[in-house]
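We number each residue from 1, following the sequence as shown. What you are looking at is a predicted structure, and each value in this text was computed from that prediction instead of being measured.
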Amino acid sequence: MNQIHSHSQTPDFDTNKSQTTSILFQPPKPEEMHLSFWTKTKVIFKEFAAVSLIGITIVSTVFTVHSCSDDVDRQQAQAVKYQLQFQSSNGGTH
């Protein structure tokens, strides 16, 4: 009964092992850095498509807001014209 009970669940480590390897970072070799024509073309096409999509989204938003603004102005002008039609038929009095 003279044993000391550990309440910790941490295992005992015998040695201090390194988690790193002896191989350090090395820059890529020239043959690894060379990209083919099709790879470059694909990257450029993807970037162009992304920029185009953003541009189309912005332009379509501006055109939609402008179109809605024109529609509201047209409806307001029709409402005023409609009200003036009844005022003139009543002799201009309320």
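In this view, D70 and H66 satisfy the side chain to side chain contact (heavy atoms under 4.5 Å, CB included) rule, not counting sequence neighbours. With sequence neighbours left out, D73 forms a side chain to side chain donor-acceptor pair (under 3.5 Å) with no residue at all. Scored by the ring-ring contact (aromatic ring centres under 6.0 Å, His included) test, F45 finds no partners at all (sequence neighbours excluded). For the side chain to side chain donor-acceptor pair (under 3.5 Å) test, residues two or more places apart in sequence or in another chain that qualify with S36 are T39. Looking at residues two or more places apart in sequence or on another chain, you find a side chain to side chain contact (heavy atoms under 4.5 Å, CB included) between P28 and E32, M33.
Hydrophobic cluster membership of V65, counting Ile, Leu, Val, Met, Phe, Trp and Tyr whose side-chain heavy atoms lie under 4.5 Å apart directly or via other members: none, as it forms a cluster of its own. Taking a 4.5 Å side-chain heavy-atom cut-off between Ile, Leu, Val, Met, Phe, Trp and Tyr, the cluster of V51 contains only that residue. Taking a 4.5 Å side-chain heavy-atom cut-off between Ile, Leu, Val, Met, Phe, Trp and Tyr, the cluster of F48 contains only that residue. Side-chain heavy-atom separations under 4.5 angstrom define the hydrophobic clusters, and L35 shares its cluster with no other residue.
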N/O donor-acceptor pairs under 3.5 Å from side chains in residues 53-64, not counting sequence neighbours:
residue, atom, partner, partner atom, Å
T57, OG1, L53, O, 2.8
S60, OG, I56, O, 3.0
S60, OG, T57, O, 3.0
T61, OG1, T57, O, 2.7
T64, OG1, S60, O, 2.7

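Identified under the salt bridge (charged side-chain N to carboxylate O under 4.0 Å, His left out) test for residues 35-59, with sequence neighbours left out: none.
Within 6.0 Å of atom CD in Q76, 12 or fewer heavy atoms from other residues, nucleotides or ligands are found, so the atom counts as exposed in its surroundings.
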